[in-house]
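Below is one structure, written out as structure tokens; comments come after it.
Residue numbers count from 1 along this sequence. Keep in mind it's a predicted model, so treat the numbers as computed, not measured. First listed ligand is number 1; within each ligand, the first listed atom is number 1. All values below come from the heavy atoms of this structure, side chains included, with hydrogens, waters and symmetry mates left out.
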Amino acid sequence: MLQAFIFDVDGTLADTERVHLAAFNHAFEQEGLGWHWDEAHYTELLAISGGKERMLHHWRQVSPGLTDIGGAGVTDTLNRLHEIKTAFYESAVADGAVTLRPGVLRLMDEALAAGIRLAIATTTSPVNIAALLRKAIGADWRMHFVAIGDASTAPNKKPHPQVYLQMLSALDLPAQDCLAFEDSANGLAAATGAGLRTVVTPTSFTAHHDFAAALRVVPDLGAVSLTQLRAWHGERAPVPLSHGAGRSAQPVAAKPAAAR
Ligand code: XBP
Ligand code: MG
């Protein structure tokens, strides 16, 4: 029986990557790196989950032998760049740069009213989640989610299933009683790797990805009802776990979702 929704953030709750891209380029310019990612390049770089990992991948692509910039080593430089990037992104989101995608808030409300619990499984940084949902839901946004798995709880980024396994553990539910929502191939692989049936809502950055393993692929959730999600969820047997996936989660303390 469908008991919980587990939402990805970037691309799923909101189409955020254009703002992430602007934030990365702002950090590169502020630090005088001479790097600039255009949308086509960023679309390719999104194959790497995690902003720091993405920048490290680019660094190794453009300057493989470079181990120091301005006296700071790779890790210190990436950490500083990511701090600048995250501050810019947080401020842009607080100023209304992104809104939730169609149907997301309505389905969250309908789910909570029907006793279906909510969790988040993302590779983005915690501050980015708070900025987006504080703006979209309000100061009490955290009360609506039983648990949140993010870059701070799951160091193994998507397509590794760790963050979804953590959420199943926090929800204390088997995968077959949950439904995941994703936007990308990495996210779909992570969710199905944890045994979750997954509804995919692609963005312009991920429309070309392979979503064959999805339960459904829809342009967005604007025309999707809770009744429809229940029917889709009931259509298919649980997804088989990927090899060893069942053993890789460290449980994350769950917080009770308050009534809305
Ligand atoms: C998408 C990501 C994140 C964002 C950038 O996360 O891969 O890395 O692109 O955010 P999701 P950070 O799992 O929500 O789709 O710079 O904080 O990583
Ligand atoms: Mg995503």
How far is atom 7 (O) of ligand 1 from its nearest protein heavy atom, and which residue and atom name does that atom have?
R54 NH2, 2.8 Å
Suppose we call two aromatic rings close when their centres sit under 6.0 Å apart. Are H41 and H36 close by that rule?
no
Considering both backbone and side-chain atoms of S125, is one of its nitrogen or oxygen atoms within less than 3.5 Å of a nitrogen or oxygen in ligand 1?
yes
Looking only at heavy atoms, is any part of Y42 under 4.0 Å from ligand 1, and if so is it the side chain, the backbone, or both, or is it neither?
side chain
Stepwise, does the ring pair (Phe, Tyr, Trp, His ring centres under 6.0 Å) test hold for F28 with W37?
CA-CA 9 Å; F28 302 153; W37 292 344; 4.8 Å; yes
Side-chain donor/acceptor of T201 to backbone N/O of P219, under 3.5 Å:
no
Looking only at distances, can you tell me whether any N or O atom of G50, backbone or side chain, sits closer than 3.5 Å to an N or O atom of ligand 1?
yes
At the 4.0 Å heavy-atom cut-off, does E53 count as touching ligand 1?
no
When you look at CG of N79, are more than 12 heavy atoms from neighbouring residues, nucleotides or ligands closer to it than 6.0 Å?
yes
Is a side-chain N or O of R142 found less than 3.5 angstrom from the main chain of A130, in a donor-acceptor match?
no
Say whether T123, considering both its backbone and side-chain N or O atoms, lies within less than 3.5 Å of an N or O atom on ligand 1.
yes
For atom 10 (O) of ligand 1, the protein heavy atom that lies nearest, with its residue and separation:
T124 OG1, 2.9 Å
With a 3.5 Å distance limit and no angle check, can you tell me whether T122 reaches the backbone of T124 through a side-chain donor-acceptor pair?
yes
Quick one: pull up CG in D109 and CG in L118 and give me the separation to the nearest 0.5 Å.
9.0 Å
Determine, for K158 against D8, whether the closest basic-nitrogen to carboxylate-oxygen distance falls under 4.0 angstrom.
yes
Check whether any heavy atom of S49 sits under 4.0 Å from an atom of ligand 1.
yes
Before signing off on this row, confirm whether F24 and ligand 1 have an N or O atom pair separated by under 3.5 Å.
no
The Mg ion (ligand 2) reached by D183 (N, O or S, under 2.8 Å)
yes
Check K52 against ligand 1 and report side chain, backbone, both or neither, counting heavy atoms closer than 4.0 Å.
neither
Please calculate the OD2(D8)-the Mg ion (ligand 2)-O(D10) angle and round it to 10 degrees.
90°
Residue Q228 excluded, over 12 heavy atoms near CD under 6.0 Å
yes
At a 4.0 Å threshold, what atoms of ligand 1 neighbour a non-hydrogen atom of H82?
12 (P), 16 (O), 17 (O)
Ion pair check, E235 and R216, cut-off under 4.0 Å
yes
Contact between K157 and ligand 1, counting heavy atoms under 4.0 Å?
no
I want to confirm something. Looking only at heavy atoms, which of T16, T122, T12 is nearest to atom 14 (O) of ligand 1?
T122
Starting from atom 18 (O) of ligand 1, locate the nearest protein heavy atom and write down its residue, its atom name and how far away it is, to 0.1 Å.
G51 N, 2.7 Å
Backbone N/O of P202 and side chain of T206: donor-acceptor pair under 3.5 Å
no
Ligand-residue contact atoms, ligand 1 with K158, heavy atoms, under 4.0 Å:
13 (O)
When you measure from atom 11 (P) of ligand 1 to each heavy atom in V9, I129, D8, which option holds the nearest one?
D8
Taking the side chain from H160 and the backbone from K157, do they hold a donor-acceptor pair closer than 3.5 Å?
no
Is the closest heavy atom of E182 to ligand 1 under 4.0 Å?
no
N or O contact, D10 vs ligand 1, cut-off under 3.5 Å:
yes
